[in-house]
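Below is one structure; the comments refer to it alone.
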Amino acid sequence: MIRLLRPFQNKSRLVLHRCEAPKTTTTQATTIPVPWNTRLRELSKQGQYQQSLTVYRKMLRSGAAPNAFTFPFTLKSCAALSIPITGTQLHSHVTKTGCLCEPFVLTALISMYAKCLLSEDAYKVFDENPLCKKLTVCYNALIAGYVQNSNLLNGVSLFCEMRRMGVSVNAVTMVGLASGCTNPLHMSLGMSLHCLSLKSGFDNDLAAENCLLSMYVKCESIQLARKLFGDIPGKGLITWNAMISGYAQNGLGTHALDLYYEMESSGISPNAVTFVGVLSSCANLGARRIGQEVEQKIWNLGLGFNLFLKNALINMHARCGNLVRARAIFDEMHEKSLVSWTAIIGGYGMHGQGDISVELFDEMIRTGIQPDGPVFVTVLSACSHAGLTNKGLGYFAAMQRDYGVKPSIEHYSCVVDLLGRAGRLEDARKLIDSMPVEPDGAVWGALLGACKIHKNVDLAELAFHEVVKLEPTNIGYYVLLSNMYTEAENLSGVLRIRLMMRERKLKKDPGCSYIEFKGKIHLFVAGDRSHSQSDEIHSMLSKLQDLIKELDGTKKYNDEKSDRELSSGVGVHSERLAIAFALLNTEIGVDILVIKNLRMCGDCHLFIKMVSKIVDRQFVVRDATRFHHFRGGACSCNDYW
DNA sequence: TTAGGGTTAG
């Protein structure tokens, strides 16, 4: 905490433009050769807020008096560091020096209180100073303050008052409000602001355009965002970044990567924010080689020390199958945030190494980091995949009791999954009944998935009944129950589900698998024959099939299954096509990473196990929920549909 | 006074 040691020895009237560092002989004052306000402005621009407050303290010690040009910078530092006590002290200095009549000081004060999450104090400054009610900048500061404190409604009321009072609205007013439109429910307000912006000519203001663009992204209207992006004539780095991360956040990884290449070819140099979006897309796509190239670029540009980027790199490597590299980056980090821990814990969890996830989680707690909701979701899921049922239940019990984190619906669905996978289906059902919140599709879906693993058709029917009420168009649940009926040889059940699907006009999502080869994504859907190497792929598959039959003396691999799947019209499963493609093209000795957008089925699981034995290579398949490592005829996991 | 970033179950 900064202590202001000797405030205001000099109460003489201040000359606003000339508050300079005095030519004194004191060591502290002479160590800063530039005028005080200039120095404060420089530090503020560089984001050296702590340093800026130290300079302010030195300034007071030296006997120099602060003026209206001093306070905006010091108040900004308090806001950035979120230290309201120092901010309040500065407020009293402002009053004593008579600077409360200066618009920029008033706005800085309002903004400081708002950023320190003290909207009431911000409002008090606004309310007690009649000048504020005439100034656009003061309204803007308070509106932005309300929005930053998640009070969009107050922001809107103030905006209405401002218009009623005849105070002019500018682009900053609009930006303050639009940045509060953070979910699809706010879309109509966001669009009204966009109209206002066009009518008022704010579309010449790049900050306003960028803000509207990210408003559309947050409201999940990615097409409107893209339309606006195309309409912005002088796109800046922030414009490109907003669109790239918009695509990344909305799961449109290929769009994000395409736009990144387009940005580079249009001569705009990327920065750390760009790479965060790009790495996040590589992680979601499983684009290992592109991710590695981007990492190299990050190091070449000297950006490798950015915490956000390191977290993004951990996530990218873990999701692209390179857990060793992810761990190395994590271990080398001097400063680790909660997100760094979450990324590495999740990485091990996805790879089925829940024991390490748990060790890391406990280590994180020992280092004094306060866990949040997402890290509990991550560790609970890791426990679930690794069969660490009691450990997971222990965390669930402790999260509110010991850490004050209230379980959300995501945590409940993890625990239903945890209990369900462990075969404790009745306990899972009881948990659903006792939940303080209404269960959603994910909760019932987790129970349904567990019923599939443990072949409990009765409970599956109940879970299915509930889940289709909540997610009637999610085809995965219909397919899952239909497969259960097939396994149980319940033909009338299969027909019933097919009828339901037909009545509801649901068509089976073909699902796809893909593999990155030479920086390009090769995508396959079931029964696909459109690939340029299709003939070679099918002949490779047929050879593999023969070898499997030869190898499988014990008839573990039942070729009737593949005949059934071929005759059902689904065609050859997409992951098999991707595996055959990889065997034809990738170098021997290199692990093969295949990404599948749906969960792997039992037939394919068995097929890849056998192939890994025949060709003696490691296959890493990432499906919708986790990694499966196949080596020498075995797999790291046993959970598939 | 204003705009862009990492982690999250099934």
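Everything quoted here is computed from the prediction, not taken from an experiment. So that the names make sense, note that chain A is the first sequence line, chain B the second, and so on, each numbered from 1.
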Taking donor-acceptor contacts at under 3.5 Å, does the side chain of A:S381 reach the base of B:dA9? no
Given atom CE of A:M243 and atom P of B:dG5, what is their separation to the nearest angstrom? 12 Å
Taking atom P of B:dT1 as reference, at what distance in whole Å does atom CD of A:E102 sit? 14 Å
With a 3.5 Å cut-off and just heavy-atom distances, do the side chain of A:T342 and the base of B:dG6 make a donor-acceptor pair? no
Separation of atom CG in A:N140 from atom P in B:dA3, rounded to whole Å: 11 Å
Qualifying residues under salt bridge (charged side-chain N to carboxylate O under 4.0 Å, His left out), relative to A:E161, sequence neighbours excluded: none
Given B:dG4, B:dT7, B:dA9, the nucleotide with the shortest approach to the side chain of A:S245: B:dG4
Contacts of A:R327 meeting salt bridge (charged side-chain N to carboxylate O under 4.0 Å, His left out) (sequence neighbours excluded), chain-then-number -> A:D331
Exercise: identify the closest heavy-atom pair between A:G155 and A:I143: O-CG1, 3.9 Å
If you compare every side-chain N and O of A:K218 against the phosphate oxygens of B:dG5 (OP1, OP2), does one of them come in below 4.0 Å? no
Which nucleotide in B:dT1, B:dA9, B:dG4 has an atom nearest any side-chain atom of A:V137: B:dT1
Among the candidates B:dT7, B:dG10, B:dA3, find the nucleotide nearest to the side-chain atoms of A:C211. B:dA3
Residue A:N271, side-chain heavy atoms: nucleotide from B:dA3, B:dT7, B:dG4 that is nearest: B:dG4
Flag the pair A:R226 and A:D231 as a salt bridge only when some basic side-chain nitrogen lies within less than 4.0 angstrom of an acidic carboxylate oxygen. no
Who passes side chain to side chain contact (heavy atoms under 4.5 Å, CB included) against A:N183, sequence neighbours left out? A:L185, A:H186
Can you check whether A:G420's main-chain N or O pairs, donor with acceptor, with A:D417's side chain at less than 3.5 Å? no
Whole-Å gap separating P (B:dG10) and CG (A:N597): 16 Å
Which residues within residues 306-320 of chain A lie with some heavy atom under 4.0 Å of an atom in DNA chain B? A:N306, A:L307, A:F308, A:N311, A:N315, A:R319
What's the CG-C1' distance between A:L388 and B:dA9, to the nearest Å? 16 Å
When we call it a touch if two heavy atoms are under 4.0 Å apart, what does A:K235 touch: a base, just sugar-phosphate, or nothing? nothing
Nucleotide of B:dT7, B:dA9, B:dT2 approaching A:V175 most closely (side-chain heavy atoms): B:dT2
Proximal nucleotide (of B:dT1, B:dG10, B:dG6) relative to the A:S337 side chain: B:dG6
Nearest to the side chain of A:N241 - B:dA3, B:dG4, B:dT2? B:dG4
Would you tell me if any nitrogen or oxygen in the side chain of A:H385 comes within less than 4.0 Å of OP1 or OP2 on B:dG10? yes
Write down the distance between CD1 (A:I244) and C1' (B:dG5), rounded to a whole number of angstrom. 12 Å
With sequence neighbours left out, the residues meeting salt bridge (charged side-chain N to carboxylate O under 4.0 Å, His left out) with A:E461 are A:R496
Check the phosphate of B:dG4 against A:S214, side-chain N and O only, distance under 4.0 Å to OP1 or OP2. Yes or no? yes
Name the closest nucleotide to the A:T107 side chain, picking from B:dG4, B:dA9, B:dT1. B:dT1
Just compare B:dT2, B:dG10, B:dT7 and give me whichever is closest to any side-chain atom of A:E471. B:dG10
Ion pair check, A:K310 and A:E295, cut-off under 4.0 Å: no
Measure from the side chain of A:A272, starting at C-beta and using heavy atoms only, and say which of B:dG10, B:dT7, B:dG5 lies closest. B:dG5
Partners of A:A144 by side chain to side chain contact (heavy atoms under 4.5 Å, CB included), sequence neighbours excluded? A:Q148
Whole-Å distance, A:L431 CG to B:dA9 P, equals 18 Å
Is the distance from OP1 or OP2 of B:dG4 to the nearest side-chain N or O of A:Q249 less than 4.0 Å? no
Could you tell me how far apart A:F396 (CZ) and B:dA9 (C1') are, to the nearest whole angstrom? 12 Å
Sugar-phosphate only, base, or nothing, as touched by A:L237 at under 4.0 Å among non-hydrogen atoms: base
